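Each chain gets a letter, A, B and so on, in the order its sequence line appears, and its residues count up from 1. Since the model is a prediction, treat every value here as computed from it, not as a measurement.
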Number of protein chains: 2
Amino acid sequence: MESIPWLMETELQARGTAVAGPSITIKDVAALAGVSAATASRVLSGNPATSATSRQKVAAAVAQLDFHPNAQARALRSTRTNIIGLLVSDVRNPFFADLAHAAEQAALAEGFVTLLGNANESIPQQDRYLDTFISQRVDGVIAAPQGQGSSSLHALLERAIPTVFVDRTVDGIDVPSVTTDSDSGIRQAVEHLARQGHERVGYIAGPQSTSTGRDRLRSFSRAAEEFGLSTDPALTYFGDFQSASGSAGAHHLLGLAQPPTALLAADSPMAVGALATLHRKGLRIGRDMALIAFDDIEWFSLLDPPLTVISHDVEAMGRTAVRLLLEVIDGQKPESVVLPSELIVRASSGTPDPSMGQP
Amino acid sequence: MESIPWLMETELQARGTAVAGPSITIKDVAALAGVSAATASRVLSGNPATSATSRQKVAAAVAQLDFHPNAQARALRSTRTNIIGLLVSDVRNPFFADLAHAAEQAALAEGFVTLLGNANESIPQQDRYLDTFISQRVDGVIAAPQGQGSSSLHALLERAIPTVFVDRTVDGIDVPSVTTDSDSGIRQAVEHLARQGHERVGYIAGPQSTSTGRDRLRSFSRAAEEFGLSTDPALTYFGDFQSASGSAGAHHLLGLAQPPTALLAADSPMAVGALATLHRKGLRIGRDMALIAFDDIEWFSLLDPPLTVISHDVEAMGRTAVRLLLEVIDGQKPESVVLPSELIVRASSGTPDPSMGQP
DNA sequence: ATTAGCCATGGAATCGATTCCATGGAATCG
DNA sequence: CGATTCCATGGAATCGATTCCATGGCTAAT
C-alpha cells in the first residue's frame with residue numbers, strides 16, 4: 001500500500017478549496033494493485049483474460065483511489081468515445097424537449113452520453129455543431145436536420161459517422177430515420193373540420209426548408225382538396241416553427257378579405273402563438289375560430305376549451321432513434337421507422353361561427 | 001500536392017455508403033502543406049510563432065482535406081476539452097429547457113459544447129452523470145444539484161473541477177451559484193392572496209431534498225404567518241416538482257376537511273398537474289379555487305383565466321451561470337448571483353368563493 | 001515423463017495532437 | 001563586418017489508456 005502525498009484529504013481540506021493535482025492514472029491503480037497497467041486495463045474493460053486475484057486487487061485499488069479513467073485517452077486509442085451527438089432545433093420546443101429526454105435516457109442506458117446541440121433553425125449553427133461532432137469523434141449522431149444537405153452534413157456522412165435522422169429527413173440523403181406519418185393525422189384533422197362544416201381552413205405551415213414543413217403542407221393541401229375545402233393559396237401562411245410566427249400567421253390569416261373559420265398549425269409553438277393572437281383579438285376558440293395543433297402537449301388538454309390535436313408518440317421516437325443508431329454503429333443497415341399520428345378531438349374544433357367570413 | 005488514395009470522392013460515392021477510412025491527421029495536413037506537424041499545430045491553434053507563408057499553406061491544406069482535428073487527442077495533451085457538463089433534473093420541465101437552451105447557447109458562443117444530463121430528480125442518476133463528467137474531464141460543470149452532497153459531488157470538487165450551481169445549492173458546499181430569490185416573489189404572492197381575502201392557502205411544495213424545495217416552503221410559511229393566513233401544516237403537500245405530484249397534491253388538499261380556497265405550487269409542472277385536477281373536478285380556476293404558480297411559462301398567460309405567476313428571468317440565469325463558470329475556469333472566485341423574482345398578477349387569483357371551505 | 005496447449009501477464013507500440021527544446025538563418029546592432 | 005538577438009521551424013517527448021505480442025507458468029494429453 002503506497003501513500004500518494006498529493007492526494008491526502010487533510011491537505012486538500014485545509015486549503016478550503018481543492019487544488020487540481022496531477023490526476024490519478026491507470027498506472028497509479030496498477031502500482032497500488034501490484035499489477036501492470038496492461039492488466040489493470042483488462043480488468044477495467046472486462047477483458048476475460050484476467051485472474052480473479054487481479055480483478056479483486058484492481059477493483060480495490062480503483063475504489064481506494066476513486067479512479068475515474070480518462071475518457072479522452074481511452075477514446076484516442078480505442079476510437080470509441082461513447083458519446084453521441086444530438087442535434088435538435090430548439091429544446092424549448094416541448095416536442096424536442098421530450099425527444100431529447102427520451103434519446104438521452106435511452107443512450108445513457110446503453111452507456112452513451114449525449115452532446116446536445118440546438119440549431120435554432122439556423123443552418124450555420126447546425127453546421128457548427130455537426131463540425132464539432134466530427135471533431136469530437138462522436139460514435140454517432142441523431143439529428144433533426146434542416147435544409148438540403150449542407151457541407152457539414154456531407155462531411156459527416158463521408159466520414160461514415162453513424163447517423164440517424166429523427167423527425168425530419170433530407171431528400172437525397174440515404175440515412176435511416178424515425179419520422180412521423182403526418183399525413184394520416186392531418187388527413188383526419190381536415191376531414192374532421194370538413195365534417196364540422198368548415199370550408200376555409202387557414203394553415204400555418206412550417207418552414208419549407210424542413211421535410212416536415214413540406215410534407216405537412218402537402219398533406220394539408222391534398223386533404224383540403226379531397227374533402228372539398230377551399231384551396232385558396234392565401235389560406236396558407238409560411239411560419240418557421242417558432243411561436244412568434246404562429247402569432248403573425250394567425251394575425252395575417254384573420255386579416256384576409258375572406259378569413260378562415262379554422263386554423264391548423266404545423267407544430268405546437270406556432271399553435272401557442274396563434275392562440276395568443278386569438279386571445280388578444282378576443283376570439284373564442286372553438287366557437288369564433290377553430291384551432292387544431294400538430295403535436296400534443298400535456299397541458300393542451302387543460303386549455304379552455306381543450307385543444308384538438310394531432311398526436312404522435314415522441315418518447316417512442318427518441319427511443320427508436322437510439323435503437324437505430326446503435327444498429328448503425330454495430331454495422332447494420334436498419335430500416336427507417338415511420339410512427340403513426342392520429343387526431344385527438346377535444347373541444348377547439350367545433351362548427352364554424354356563421355358570423356365569421358362575412359365581413 | 002499529394003494524392004491521398006483512400007480519400008478519393010469518386011471511390012466513396014461509388015460504394016453508395018462511405019466506408020470509414022483512416023481519418024485525416026495533422027500529419028496529412030503538414031505533409032500536404034510541406035511543413036512539420038509542429039508548425040501545422042501552431043497554425044491551427046493560432047500560435048503567433050508562425051510565418052505568413054506557412055499559415056497560408058496550412059490553411060489551404062486544411063481546406064483541401066476538410067481536416068477536423070481530433071478533439072480527444074487535443075484534450076489528452078492539453079488538458080482542456082472545451083466541454084462543459086450541464087446537469088439538470090429534467091429538460092421536459094420548461095424551466096430547465098429554457099435554462100439548458102440559454103446555457104448551451106452562451107457556452108457555444110465561448111467555444112464550449114455541452115454534455116447534457118437529466119438527473120430525473122434521482123440521486124443515483126445525478127451521480128452517474130457527475131462521474132461521467134469527471135471521466136470526460138469536462139472543463140467545468142453547471143449543475144442543479146439534489147440532495148446533500150453525494151460522493152460524486154465531492155469527487156468533483158476534490159478534483160477541483162470548476163463547478164457552478166444553478167437554481168439550487170447544497171448546504172455546506174461552497175461553490176458559486178446563480179439562484180432565484182424566491183422569497184420576494186412568494187411573499188408578494190401570499191400578500192396578494194391575503195389581500196384578496198384568502199385565509200387557507202394550500203401549498204404544493206417541492207422535494208425537501210432540494211434547496212429550492214426547502215427555501216420556498218420556508219418563505220411560504222413565514223409569509224403565511226406574517227400576513228395572518230392559516231399555518232395549518234395539513235395545508236402543505238410535499239410533491240416532487242413533477243407534474244403527477246401536482247395532481248396528487250391538489251387532489252389531497254381539496255379533500256381536506258377544511259380545504260383551502262387557493263393553491264400555490266412551487267414549480268410549473270406541479271401547477272399544471274394541479275390545474276388538471278381542478279379541471280377534472282370541474283372547479284373554475286380563479287373563482288372556485290385560486291391558483292398561483294412559481295415559474296412563468298409563455299402559455300400560462302393563454303390559459304383561461306390567465307395564470308397569476310411568480311416570474312424570474314431564466315434566460316439570464318443560464319447566461320450568468322456560464323459567465324460564472326468561465327470565471328472559475330479562469331481561476332477567479334466569483335461571487336454568487338441572486339436573481340429577483342416577482343409576482344405577476346393575472347386572473348387566476350381572485351377572491352375566494354364563499355361556498356368553499358364549508359362542506 | 002515429456003510435450004503441446006492454454007492462459008494470465010508485462011513490456012512496448014500506438015492513437016493524434018501539443019509543446020519543449022535545440023537549431024539554423026535572417027535581421028539588427030555596435 | 002562580426003557578434004548578438006530574434007524567430008520560425010522540426011524533432012522528439014508527452015498526455016493516459018488500449019492492445020499486440022512474446023513469455024513463462026500451468027495443466028492436460030500422449
Side-chain angles (χ1 to χ4, degrees), chain A residues 4 20-59 61-62 65-83 132 134-139 159, chain B residues 4 20-59 61-62 65-83 132 134-139 159:
Chain A
I4 305 206
S23 71
I24 295 166
T25 73
I26 201 168
K27 287 186 186 170
D28 300 317
V29 172
L32 181 57
V35 299
S36 72
T39 297
S41 170
R42 284 185 206 103
V43 170
L44 286 169
S45 56
N47 186 317
T50 50
S51 67
T53 328
S54 28
R55 276 198 295 275
Q56 187 270 320
K57 284 191 296 186
V58 169
V62 165
L65 298 176
D66 193 20
F67 172 63
H68 289 236
N70 183 317
Q72 266 76 39
R74 182 190 294 236
L76 180 56
R77 178 62 227 246
S78 64
T79 62
R80 272 184 67 93
T81 54
N82 288 309
I83 301 177
T132 302
I134 295 175
S135 266
Q136 289 291 338
R137 303 293 194 264
V138 296
D139 288 338
R159 284 170 176 71
Chain B
I4 304 203
S23 71
I24 296 167
T25 75
I26 201 168
K27 287 186 185 168
D28 300 318
V29 172
L32 181 58
V35 299
S36 72
T39 297
S41 170
R42 285 187 205 102
V43 171
L44 286 170
S45 58
N47 187 316
T50 49
S51 67
T53 328
S54 29
R55 276 199 295 275
Q56 188 270 319
K57 284 190 297 185
V58 169
V62 164
L65 298 176
D66 192 21
F67 173 63
H68 288 235
N70 184 320
Q72 314 297 334
R74 182 190 297 234
L76 179 57
R77 179 62 228 251
S78 64
T79 63
R80 271 184 69 94
T81 55
N82 289 309
I83 301 179
T132 302
I134 295 175
S135 264
Q136 289 292 337
R137 303 292 193 265
V138 295
D139 288 337
R159 284 172 176 70

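Atom C1' of nucleotide C:dT9 and atom CD of A:Gln56 are separated by 17 Å, given to the nearest angstrom. When the P atom of C:dG11 is taken as reference, atom CD1 of A:Ile26 falls 14 Å away, rounded to whole Å. Taking atom CG on B:Asn82 and atom P on C:dA17, their separation rounds to 15 Å, with Å as the unit. To the nearest angstrom, P of D:dA17 lies 9 Å from CG of A:Leu44. Rounded to whole Å, the distance from CD on B:Gln72 to C1' on D:dA17 is 12 Å. Remark: P of C:dG11 and NZ of A:Lys27 are 11 Å apart, rounded to the nearest angstrom. Taking atom CG of residue A:Asn70 and atom C1' of nucleotide D:dT14, one finds them 13 Å apart after rounding to whole Å. Distance A:Arg74 CZ to D:dC15 C1': 16 Å, rounded to the nearest Å.
With a cut-off of 3.5 Å on both pairing distances, the Watson-Crick and G-U wobble pairs of DNA chain C assemble into stems of 3 or more at C:1-30 with D:1-30.
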What pairs of donor and acceptor atoms, side-chain ones from residues 30-38 of chain B against any protein atom, are under 3.5 angstrom apart with sequence neighbours left out?
{"residue": "B:Ser36", "atom": "OG", "partner": "B:Ala38", "partner atom": "N", "Å": "3.4"}
{"residue": "B:Ser36", "atom": "OG", "partner": "B:Thr39", "partner atom": "N", "Å": "3.2"}
{"residue": "B:Ser36", "atom": "OG", "partner": "B:Thr39", "partner atom": "OG1", "Å": "3.3"}

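Proximity of A:Thr39 to the phosphate of C:dA8: no side-chain N or O atom is located under 4.0 Å from OP1 or OP2. The side chain of A:Thr25 contributes no N or O atom lying less than 4.0 Å from OP1 or OP2 of D:dG16. Note on A:Ser78: every side-chain N or O is 4.0 Å or more away from OP1 and OP2 of D:dA17. In terms of phosphate contacts, A:Ser54 brings no side-chain nitrogen or oxygen within less than 4.0 Å of OP1 or OP2 of C:dA8.
Counting all heavy atoms, side chain and backbone alike, B:Ser135 lies closest to A:Gln72 at O-OE1, 4.4 Å.
With DNA chain D read from its 5' end, the first of the two nearest nucleotides for B:Ala49 and A:Ala73 is the one closest to B:Ala49.
B:Asp139 is not listed as a side-chain neighbour of B:Ile83, based on a closest heavy-atom distance of 4.5 Å or more. A 4.5 Å side-chain heavy-atom check between A:Thr25 and A:Asn70 finds every atom pair outside the cut-off. You'll find the side chain of B:Arg137 reaches within 4.5 Å of the side chain of A:Ser23, heavy atoms only. With a 4.5 Å cut-off on side-chain heavy atoms, B:Leu76 and A:Arg74 do not count as touching. At least one side-chain heavy atom of A:Phe67 sits under 4.5 Å from a side-chain heavy atom of A:Ile26. Counting heavy atoms from C-beta on, the side chains of B:Arg159 and B:Ile134 come closer than 4.5 Å.
Nearest to the side-chain atoms of A:Pro69 among the listed nucleotides D:dT18, C:dG16, D:dA17 stands D:dA17. The listed nucleotides are C:dT9, C:dA17, D:dG10; the one nearest the side chain of B:Val35 is D:dG10. The B:Leu76 side chain lies nearest to D:dG16 when the options are C:dA17, D:dG16, C:dT18. Among D:dT18, C:dT9, D:dG10, the nucleotide with an atom closest to any side-chain atom of A:Ser51 is C:dT9.
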Exercise for review: May I have the step-by-step check of side chain to side chain donor-acceptor pair (under 3.5 Å) for B:Ser51 and B:Ser54, ending in yes or no?
Suggested key: CA-CA 5 Å; B:Ser51 67; B:Ser54 29; 2.7 Å; yes
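In this structure, a donor-acceptor pair under 3.5 Å is absent between the side chains of B:Arg42 and B:Thr50.
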What protein N or O atoms touch nucleotides 20-25 of chain D N or O atoms at under 3.5 angstrom, if any, and at what distances?
{"residue": "D:dC20", "atom": "N4", "partner": "A:Arg42", "partner atom": "NH2", "Å": "3.3"}

